[in-house]
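Chain identifiers are assigned alphabetically (A, B, ...) following the order of the sequence lines, protein sequences preceding nucleic acid strands; residue numbering begins at 1 within each chain.
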Amino acid sequence: MNAVIRIEGVSKSFLHGQQENVVLADMNLEIQQGSFVVIVGPSGCGKSTLLNIVAGLLPASAGRVYYQDQLMVAPRLEIGYLTQKDTLMPWRSVERNVELPLEIRGIGRAKRGSIASELIGKVGLKGYEKLYPRQLSGGMLRRASLARMLCTDPETLLMDEPFGALDAQLRLELQGELLRLWETSGKTVLFVTHDIEEAIVLGDRVVVLGSAGGVILDHTIELARPRDAGRIRFQSQFVEIHQRLWNALMVARSQQQEVAL
Amino acid sequence: MNAVIRIEGVSKSFLHGQQENVVLADMNLEIQQGSFVVIVGPSGCGKSTLLNIVAGLLPASAGRVYYQDQLMVAPRLEIGYLTQKDTLMPWRSVERNVELPLEIRGIGRAKRGSIASELIGKVGLKGYEKLYPRQLSGGMLRRASLARMLCTDPETLLMDEPFGALDAQLRLELQGELLRLWETSGKTVLFVTHDIEEAIVLGDRVVVLGSAGGVILDHTIELARPRDAGRIRFQSQFVEIHQRLWNALMVARSQQQEVAL
Amino acid sequence: SCSNNVSPTTGSTESMTLKVGQVANEISFFPMYVALRQNFYKAQGLTLDPSTPIMMGSGAKLTTAVEADSVEIGVGSVTNVFTISRVDAYIKMIGAVTNDYLLDIAVSKQFEAQTHLSASSSLADKIQGLRGKKIAISAPGSATDALLTYLFKQQGLDAQKEVVKVNMGANTPAILAALKAGRIDAGVLSPPGGQIAALGSYGDAFISPVRGDIPAMQHQLFTVAYVKQKVIDAKPKAIAAFIRALAQAEDYIQNHPEQMPGMMASYLKADQKTGNLAWSAVKTSMPMSPLINQQSYDASDQFHVKAGLIAVSLDYKNLVATDTMKNALSATASSS
Amino acid sequence: MRTTTLPDTQAKPEQSNQRLSLTRRQGERRNLRSPLFINVVRLALLVVFLIVWQFLSGRFIDPLFISSPLAVFTQTVAWIMDGTLWMHTEITLQETLLGLFFGIISGIAAGFLLGLQPLLAEACDPFIASIYSIPKIALAPLFILWFGIDIQMKIVLASVTVFFLIFFNTLAGVRNADQHLIDAVRLMGGRYRDVLLKVIVPSATGSMLTGVHIAIPYALIGAVVAELIASNRGLGYLIDASATSFNTAGVFVALLVLSIIGGILNALVNSIDRMTSRWKTEISIGRKLIP
Amino acid sequence: MRTTTLPDTQAKPEQSNQRLSLTRRQGERRNLRSPLFINVVRLALLVVFLIVWQFLSGRFIDPLFISSPLAVFTQTVAWIMDGTLWMHTEITLQETLLGLFFGIISGIAAGFLLGLQPLLAEACDPFIASIYSIPKIALAPLFILWFGIDIQMKIVLASVTVFFLIFFNTLAGVRNADQHLIDAVRLMGGRYRDVLLKVIVPSATGSMLTGVHIAIPYALIGAVVAELIASNRGLGYLIDASATSFNTAGVFVALLVLSIIGGILNALVNSIDRMTSRWKTEISIGRKLIP
Ligand SMILES: Nc1ncnc2c1ncn2[C@@H]1O[C@H](COP(=O)(O)OP(=O)(O)OP(=O)(O)O)[C@@H](O)[C@H]1O
Ligand SMILES: Nc1ncnc2c1ncn2[C@@H]1O[C@H](COP(=O)(O)OP(=O)(O)OP(=O)(O)O)[C@@H](O)[C@H]1O
Ligand SMILES: [Mg+2]
Ligand SMILES: [Mg+2]
């Protein structure tokens, strides 16, 4: 078994005052080495919580997470995690924010500068290096965070809605860039999105989560790569997968509290 | 002329150190009373800046904005603005956050409570009333902000990527809800999104912004309403509009700094 | 309302309340304590406001309070009165509280060992021995400072240049702590500080005017009650009552010496041993009456001139309200 | 689309059991921080301190300077019995509380005023810093002149001391308010007052409470220092009177009372702090993050 | 897709002209806050103050209490000439700076230690509050016993005073760090040290500087109070000596010097503050928001 991430019986609950809110209940999942797994699910179903636990940020209430067969007890250098919320240091410029992980690894100033400026270019922020986070637009913040995560070239990528705030064109470019990176390097990617199309275009496998982290559907996408995002939507296979995921999401949603419109 | 919002020769530039960054240059736009106008454009092109100026939050460097033929000099009660960044008060529970605008208008406790709980229900946050913002997921934060904006029933809605962080199903529901609200009340909506499909499903008119707030395309969507989001994408007219917007975005993007992949 | 406008000297509606302030609860204010404890103020129809004298901590602050009319009667050392008379020509002494310079120079045992001096050495040797040493005083220009200046001048020396003076306020425990820790060599402090140091065998009362170490300083006026002239004018009856109460206290002290060690102990909130020590150190310094006589005044005046604290001798008549005191005390005689 | 499945919780009873046990485990972990444990640690610290003190006293350091726990205890009992302690404590407490009250009110007001008027703040800044740098004890004559020697003077001195501490912390808190939240209130049609009450005040609460934390002891110190300037009652007087009569135990009793008052007021502010900052989380660096 | 159009700026020259004029207009608006304007306001305030003081003195208030600007000026000149002023200032300045140095270092260290160890903090909290509540002046004998009467004692007293102020503010700053940013550094593989240096220190800088702001005057006050306890040099001594000889002008000269030192140190901290908080914006409530 070459599961790089093994989630075994993980539960997580938060106390809201007296009341206990069970976010994940006895969840099991395996992510194979080198695979691109997309997680979708209704808002508030526990996707970010799951990623936090996998990344070693949050202790599970019960259960275990293994990374390369080692128990996760704290964040690991091999894992890069783009959190849902942007966490750029407000007192550092874009450039210095992107350099931060390199700084922590003790990489020299010159090397740091060149890696950072290359990635800043890739995400389209050239010319904005000296700005502070408060001076950036929402999408620019997201791109700076992405550049920061990528600059240490992690083996496994956890990405929580990385492209949600980007325009269609830029998103396409960055999706392409991500796929190229993944294909050429054998990285493992765990990717959360709300965009079913994006899920199908990117994933080897799409996992639909329902209430309390229950897996509603675990679907392998058989579409041939490279997939052309512009055309793929008109393929019948795509439409079928789309429908299936949509239905699964519907189930997932109905498990959750009813939305009274 | 029944233009509810008139943007006349608006320019805005920010100083980044010594360098001046021109975000909007001599922009002109009119929003008709009761229309649903969607703005799309590459990340960082100035959409949020434009909305900030229209809302009266940010002073323009030059030019004027009129609301109902009155010069905008400060935020107005008739305008509701869902900003891109969530601005829930961290020290207030969801419930008390949603009540805040009513509190400011001096509405009594009981009335406030009933309006707020109705809206909290509508956005699917029932049961989470007592939580503080830090205990919510990204999508839940967004929904709470939406409920807060809607609770004063503003005449004009400015919405900056309101549904970007929501799952497909929920987004559909809330889009439907928004359309219903708009259709039945004669409200004017100015809506920013990155999702071209969403733009077409919702808008009377889609404005594509390019570099420095230049209008690349101002397209009226002639599709009949009600539009079924599930089916519409397979209509030929939809595909054509989609393509046209896509091309306009491409132009807009190319105007901006090159993204070196 | 017209009764309020009656001239204060008629005194018919005069308030019998006085604000009294003193420097500290030191031994040199003992008669004030006796007057309070034996209810002599009340006996004279006087009310203190507040009911116990206010502690001002230093002579300078007390004189300021008197000048600012926050305190009507100040009880402090003559030195303060002389100093304040430079800026207020209408300051008047209205009663002697204690006589004799109730301050000692205490030294540490180390000092005595180094210099081979002791309390029984000659005064000249002792002063010579103090040259170049660190000596604690309460504040520049205070009575403690005056003593040093005077002694050094006796030997033709300038204390300002010969010793390192350290201001430590009227804080006897701090001075003792410094002596014990060897931080200073000597300190000018009020009895029984030196005796306590001797008991703890880390110091000694080295030069003590009250013990008679300095013959020229004996029987000089030391602690007095003083007021501004306008207070005497505004509240003659109350002032007279205060003087009579002080007289009663001083009488009582003279007539009941057997009670005094006990009273001293309770005054100092100390044990009986300290009480005994204190009483035996000061019993000869208690005046017979508040009347300030010319001789004790002159002795004090001379001392201050020699110490350089005042440039020229100040006239007894200008500073002492003799008539006020005499009138007050004769009223006692007639009433009792 | 609207069919509602029962939430997972009720669906599987054995899971809900497991959840209960989770709660228990979390409870255990939290025990480390339970009031009982903390109080035991505190008590232990206190006892060690007292033993060391008693041991040093007389053996290595003259009790004239440090007294001893037993002597302090005896003196405390004596003074409680004869009412001395309460009389003096009462007056100091009164001065302190009034000083705190006026100092906090004025400090907060000035902090908000200058925090919201950067121009005024910049113009006044050097003067404020300069006035603040003057030791109030050196102004004793002026205080006596203006406010007499009664309780007013002591309250004024305590207030002035408190004022600056609250002022600077409030100022910092006001300036740290999040512009996005201010904008949000403006968008809701909030006027100046609303922005103040709904954003700036809650944002500055933490800083203000830090100010109060810092100020409480200074209110006490201010009152005591004022009592050292002129007094016939109060703990400052008690300290002074005890010191001049070589009653070191008496000095320590007064200090003990002061520190107890300080401790109690501090605990009070702590509980207000806990109440107003329930929405915050404690930071955790997670050095040991074992699930 | 990769064709690059020239940025708008170069494309339309007349627009770039307009832009220049915009800059100028912004510049004008900013003038209101220019150093010159602010300094004029400050000077005006100062002059008014001096005139009022001179006017009141002698006419309405006895110069014994408030002296007068002219008398203070004369005394200042005299003391500058004979070197008195510098001699006393030098020693106080030395004590203050050293006191600040040690107080800040220890305060920051303790603030970080307890800020990062909530359990320890909770156990120590009542003791810290209690010790802090004791007026240091009442501990004079102990200070003398332990640290002598020389400059060490004064530095220790100033340090202790500074310590608490820095400590409480640092503590508050550390506790306010954003957990999300801490997590971000942990995700990058940052160890404890990295979290400290990259997140907690920058987050707490503002609070620490507020602490330093508050502490500067107290360092001065601490040194002066220590000089009042025991000294024969320094501004505290000068105040005391002048006061006892009713030289009110002398007292005010010493206070003036103290406030100037306070002002200068404060300005220094202000400039550090400005440097470290460049990434922040000033809040604006926008009462008058006219484009
Ligand atoms: N407060 C500010 N200070 C300086 N520059 C700013 C500020 N706000 C925005 N900008 C600049 O203005 C430009 C446009 O920002 P804006 O937020 O309007 O973009 P946007 O179109 O909303 O992008 P996105 O789709 O990513 O949200 C960016 O280049 C940004 O750097
Ligand atoms: N720190 C927290 N304290 C309490 N409850 C929390 C906390 N973080 C998350 N939750 C709860 O956990 C649930 C799941 O949150 P999570 O952020 O994992 O959702 P999500 O699937 O990422 O949703 P979204 O798509 O909206 O980001 C929510 O009900 C939320 O209230
Ligand atoms: Mg999430
Ligand atoms: Mg935006």
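Interface residue E:A177: backbone and side-chain heavy atoms are both found under 4.5 Å from chain D. For chain D, no part of E:I144 is nearby; none of its heavy atoms comes within less than 4.5 Å. For chain E, no part of D:I216 is nearby; none of its heavy atoms comes within less than 4.5 Å. For a residue to count as touching a neighbouring chain, one of its non-hydrogen atoms must lie under 4.5 Å from one of that chain's; by this rule D:I261 does not touch chain E. Residue contact with chain E, scored on non-hydrogen atoms closer than 4.5 Å, involves the backbone and the side chain of D:R42 alike. Interface remark: D:A123 contributes backbone and side-chain atoms alike to the contact with chain E (heavy atom separation under 4.5 Å). At a 4.5 Å heavy-atom cutoff, D:F164 makes no contact with chain E through either its backbone or its side chain. In this structure, the portions of E:I134 lying under 4.5 Å from any heavy atom of chain D include both its backbone and its side chain. For E:L171, no part lies under 4.5 angstrom from a heavy atom of chain D. Looking at D:I214, the atoms closer than 4.5 Å to chain E (heavy atoms on both sides) sit in the backbone and in the side chain alike. Residue contact with chain E, scored on non-hydrogen atoms closer than 4.5 Å, involves the backbone and the side chain of D:T161 alike.
Listed here is the closest heavy atom pair of E:A121 and E:R175: CB-NH2, 3.3 Å. Closest approach of E:S133 to D:G262, counting heavy atoms only: OG-CA, 3.2 Å. Closest approach of D:V160 to D:K136, counting heavy atoms only: CG1-CD, 3.6 Å. Nearest heavy atom pair, residue E:L238 against residue E:A254, reads CD2-CB, 4.2 Å. Here the closest heavy-atom approach between residue E:L100 and residue E:A219 is recorded as CG-CB, 3.6 Å.
Ranked by non-hydrogen atom pairs under 4.5 Å with chain E, the options D:L209, D:N266, D:V185 are led by D:N266. Chosen from D:V41, D:L220, D:L255, D:L265, the residue pairing most often with chain E at heavy-atom distances under 4.5 Å is D:L255. Of the listed residues (D:L46, D:I66, D:V40, D:I260), the one with the most heavy-atom contacts under 4.5 Å to chain E is D:L46. Interface check for chain D: of the options E:D125, E:V225, E:V251, E:I137, the most heavy-atom pairs under 4.5 Å are formed by E:D125. With chain D as partner, the option from E:C124, E:P135, E:A129 having the largest number of non-hydrogen pairs under 4.5 angstrom is E:P135. Taking D:N270, D:I221, D:N176, D:T210 one by one and counting their heavy-atom pairs under 4.5 Å with chain E, the maximum is reached by D:I221. If you tally non-hydrogen atom pairs under 4.5 Å between each of D:L258, D:L45, D:N169, D:L165 and chain E, the highest count goes to D:N169.
Side-chain atoms of E:S57 never come within 3.5 Å of backbone atoms of E:W53 as a donor-acceptor pair (strictly under, hydrogens ignored). No donor-acceptor pair under 3.5 Å is formed between the side chain of D:D240 and the backbone N or O of D:G236.
Between E:F167 and E:Y132, the distance separating the two ring centers is not shorter than 6.0 angstrom.
In this structure, the side chains of D:M208 and D:F112 come closer than 4.5 Å at one or more pairs of heavy atoms. D:F49 is not listed as a side-chain neighbour of E:F127, based on a closest heavy-atom distance of 4.5 Å or more.
For the pairing with E:S67, the side chain to side chain contact (heavy atoms under 4.5 Å, CB included) check across E:D62, E:I61, E:T248 returns one residue only, E:T248.
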